[in-house]
Visitor: 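Would you mind keeping the following structure in view while I ask a few things?
Bear in mind that the values here come from a model prediction, so they are computed numbers and not experimental data. Note that the numbering runs from 1 along the sequence shown for the chain. Atoms within a ligand are numbered from 1 in the order they appear, just like the ligands themselves.
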Amino acid sequence: MAAVATSTSLAAVSNGTKSSSSFPKPDFAGLRRISSPSSDAGLFQRFRISSSGCGKSVRPVVAMAGTGKFFVGGNWKCNGTKESVDKLVSELNSAHLESDVDVVVAPPYLYIDKVKNTLSARVEISSQNSWVGKGGAFTGEISVEQLKDIGCKWVILGHSERRHVIGEDDEFIGKKAAYALSENLKVIACIGEKLEEREAGKTTDVCFRQMKAFADSVPSWDDVVVAYEPVWAIGTGKVATPEQAQEVHAALRDWLKNNVSAEVASKTRIIYGGSVNGSNCSELAKQEDIDGFLVGGASLKGPEFAIIVNSVTSKKVVA
Ligand code: PGA
């Protein structure tokens, strides 16, 4: 697996001004396993798995600090043609997708209607963006009302390409999230640091600032999935190591616990995005604070996307 050539420690930086010891250790009590598994029964999502007919009893085992259902989204970005979309939909329709995963795809606007009409209802549809308020005289924009009308259940907001290529800021993204939620469109809220921010030891500063902008705007976290997507990992083939991703996910869950509530921290799915593929998903999925994935390039291939969806099985460990 190609990993970015920086330390696995969040705060470790090339100029040595910070070390991992300067990163405040979060208090995870109540949210993740810190002692014996039996001491936190009920706090962790439990999976009961079958013993494939061997007759041995198995007990449920865990690799989740949160209690939300595994979630995998496919962000198709600005890719595809009518023909390639048809092919991808037919691959997804014939793929086996584990039942205990929420699966969502985000086609380009132009193809949403086509996908909605041909893709199995097992997979929900997201848009890749939405307008900040009610529709009207906003040339080139698509409103939340229109997205709902066409069958979207979700919208991706705060994606790094919209932040850093299009120039959307925290406040604007927060307003979009609030409006989408007010109209019952669920939100995949993306955050993540750039490489220079990571190298300057600012990963959590940036991610927490972006989280705060969402927290300041959204009335409730019930319909929000947080996607941690380090910018340096998106579309680069440089996936975060499982340890790098886990470290930030744990910090984000801890942030939710301290700044929203323990209940929201436990229930909110925190998914990872950035060069996830069929080969690296399983190791990432084993991390206890990784509740799923937001997938770009690899979501354009149906069989590979299905492998990523089915990496939920990596969380199920025979005791
Ligand atoms: P990638 O994109 O999987 O191609 O890196 C992820 C994303 O942008 O959501």
Visitor: Just say parallel, tilted or perpendicular for the rings of Phe138 and Trp131, cut-offs at 30° and 60°.
Guide: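 Rings of Phe138 and Trp131: tilted, 30 to 60°.
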Visitor: Please name all residues satisfying side chain to side chain contact (heavy atoms under 4.5 Å, CB included) with Ser275, sequence neighbours left out, ordered by chain then number.
Guide: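 Partners of Ser275 under the side chain to side chain contact (heavy atoms under 4.5 Å, CB included) test: Thr236, Val239.
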Visitor: Could you report the tightest heavy-atom contact between Ser127 and Tyr109, atom names first, then the distance?
Guide: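 Residues Ser127 and Tyr109, closest heavy atoms: CB-CE2, 4.0 Å.
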Visitor: Run through ligand 1 for me and note each protein residue having a heavy atom under 4.0 Å from it, chain first, then residue number.
Guide: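 These residues qualify: Asn75, Lys77, His159, Glu229, Ala233, Ile234, Gly235, Gly274, Ser275, Leu294, Val295, Gly296, Gly297.
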Visitor: Please determine whether a side-chain nitrogen of the Lys or Arg among Lys186 and Asp222 lies less than 4.0 Å from a carboxylate oxygen of the Asp or Glu.
Guide: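 Asp222 and Lys186: not salt-bridged.
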Visitor: Please determine whether a side-chain nitrogen of the Lys or Arg among Glu91 and Lys87 lies less than 4.0 Å from a carboxylate oxygen of the Asp or Glu.
Guide: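 So Glu91 pairs with Lys87 through a salt bridge.
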Visitor: Is Asp291 salt-bridged to Arg253, cutoff N-O under 4.0 Å?
Guide: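 Yes, this pair counts.
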